[in-house]
Number of protein chains: 2
Amino acid sequence: MEIQELKEQKEGANSRGNDEACCVPTLVEPALGAKQARKAADVFNALADPTRLTILSLIARSERGEACVCDLTASFKMGQPSISHHLKILKDADLIQGDKRGKWVYYSLVVGRDEEIKGLLDTVLKIPVGV
Amino acid sequence: MEIQELKEQKEGANSRGNDEACCVPTLVEPALGAKQARKAADVFNALADPTRLTILSLIARSERGEACVCDLTASFKMGQPSISHHLKILKDADLIQGDKRGKWVYYSLVVGRDEEIKGLLDTVLKIPVGV
DNA sequence: CATTAACATCGAAGATTGTCAATTTGAGTC
DNA sequence: GACTCAAATTGACAATCTTCGATGTTAATG
C-alpha cells in the first residue's frame with residue numbers, strides 16, 4: 001500500500017490509440033479519492049492478519065467485552081511484544097481502545113466501528129442503482 | 001500473515017502464576033479457528049491496498065459492471081503488469097472474476113461476496129448476545 | 001527507595017509485498 | 001506463418017511487515 005495516483009483523465013475518454021474499442025470506454029470516477037482509498041486500505045490492513053482477527057474475536061467474546069494484554073498474551077504462542085505490536089495496529093486503526101487500570105491495560109472494541117467498515121465495503125463494492 | 005497458533009488452553013484457566021487476577025480469567029474460545037482466521041485475513045489482505053480498492057470501485061461503477069484491463073490500466077499511473085498483479089490478487093480472493101472475450105479480459109465483481117465479507121466482520125467483531 | 005509485574009518500545013532478522021522492465025502467452029489480422 | 005496487440009508472467013529491487021530478544025516505563029508493594 002503506497003503511492004497511488006489516478007491518471008488525469010484527459011479528453012474524457014480512454015487513451016487507446018486504435019479506433020477499435022475493447023469496450024465502451026467508460027472511464028467512470030472511482031468511488032474513493034486517493035486519500036480516502038489509502039485510509040480505507042489502512043483499516044482493511046489492520047484486519048489482514050490472523051492474529052489480529054483472533055485478538056478481536058477474543059475481545060468481542062470475552063465476558064465484559066474487554067480483555068487485558070496478559071490474558072491475550074496467554075492465548076498465543078508468540079511473545080508479549082508481538083501482541084502489543086498487534087494491539088497498537090488495531091488501536092491505530094480505531095478498532096479497539098485501551099483503558100489502563102492499575103497495572104493492567106484493558107482493551108475493548110470501539111462500538112459502531114463494524115458498521116463503519118461495512119459502509120466502506122458498500123462504498124467500494126456496491127453497484128450504484130439507477131445512475 | 002503467517003504461522004499463528006493458539007496456545008493449548010490447559011486446565012481451563014489462564015496460566016498466570018499469581019493469585020491476583022488482572023481480570024476475570026475468561027479465556028474464551030476465539031470465533032475462528034487458525035485456518036479460518038488465515039483465510040479471513042487473506043480476504044482482508046486483498047482489500048488492504050488503495051489501488052485494489054480503486055480497481056474494485058471502478059469495476060462496480062462501470063457501465064456494464066465490468067471493465068477490461070486496458071481501461072483499468074489507463075486509469076492509473078502505474079504500469080500494466082502492476083494492474084495485472086493486483087487483479088490476480090483480487091481474483092485469488094474471489095472478489096472478482098475474469099472473462100476472456102477475444103483479445104480482451106473483462107473483470108466483474110463476484111456477486112454476493114460483499115455480504116459474505118460482512119458476515120466475516122460479524123463473526124469477528126460482533127459481540128454475541130445472551131451467551 | 002528497591003523490587004516486581006504489566007505493558008510498551010527499540011533494533012534487528014527474515015519473510016512478504018508493490019513496482020518496474022523485460023519477456024512470454026494467446027487471440028486476432030494481414 | 002509473420003505480425004500486432006492485450007494481458008499474464010518472470011526476475012529484481014526497495015519498502016514494509018511480523019517476530020523476537022533486550023530494554024524502557026509505569027504502577028503497585030514491601
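Keep in mind that what you see is a predicted model, and the values were worked out from it rather than measured. Residue numbering restarts at 1 for every chain, and letters A, B, ... go by the order of the sequence lines.
- Residues satisfying the side-chain contact (heavy atoms from CB on, under 4.5 Å) criterion with A/Asp92, sequence neighbours excluded, are A/Lys88.
- Side-chain N or O atoms of B/Arg61 include one that pairs as donor or acceptor with a backbone N or O of A/Glu29 at under 3.5 Å.
- One finds a side-chain N or O of A/Tyr107 lying less than 4.0 angstrom from the OP1 or OP2 phosphate oxygen of C/dA8.
- In terms of hydrophobic clustering, with Ile, Leu, Val, Met, Phe, Trp and Tyr side chains grouped at heavy-atom distances under 4.5 Å, A/Ile59 and A/Met78 are assigned to a common cluster.
- Distance, B/Asp99 CG to D/dA6 P: 18 Å, rounded to whole Å.
- In terms of position along DNA chain D, the nucleotide closest to A/Arg52 lies nearer the 5' end than the nucleotide closest to the other residue of the pair A/Arg52 and A/Gly102.
- Applying the side-chain contact (heavy atoms from CB on, under 4.5 Å) criterion to B/Gln36, with sequence neighbours excluded, gives B/Leu32.
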Restricting to nitrogen or oxygen on both sides, can you table the protein-nucleotides 20-26 of chain D pairs closer than 3.5 Å?
from   : atom 1 : to      : atom 2 : distance (Å)
D/dC20 : OP2    : A/Gly79 : N      : 3.0
D/dC20 : OP2    : A/Ser82 : OG     : 3.2

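- For A/Asn45 and D/dC17, the CG to C1' distance is 9 Å, given to the nearest whole Å.
- In this structure, A/Trp104 atom CH2 and C/dA5 atom C1' are separated by 9 Å, rounded to whole Å.
- Residues from residues 84-94 of chain A lying near DNA chain D, meaning a heavy-atom separation below 4.0 Å, are A/His85, A/His86, A/Ile89 in numerical order.
- For the pair B/Lys126 and A/Glu115, the salt-bridge criterion is met [side-chain N within less than 4.0 Å of a carboxylate O].
- In terms of the side-chain contact (heavy atoms from CB on, under 4.5 Å) criterion, residue partners of A/His85 (sequence neighbours excluded) are, by chain and number, A/Ile89.
- Legend: residues meeting side-chain contact (heavy atoms from CB on, under 4.5 Å) with B/Glu116, ordered by chain and number and at least two apart, are B/Arg113.
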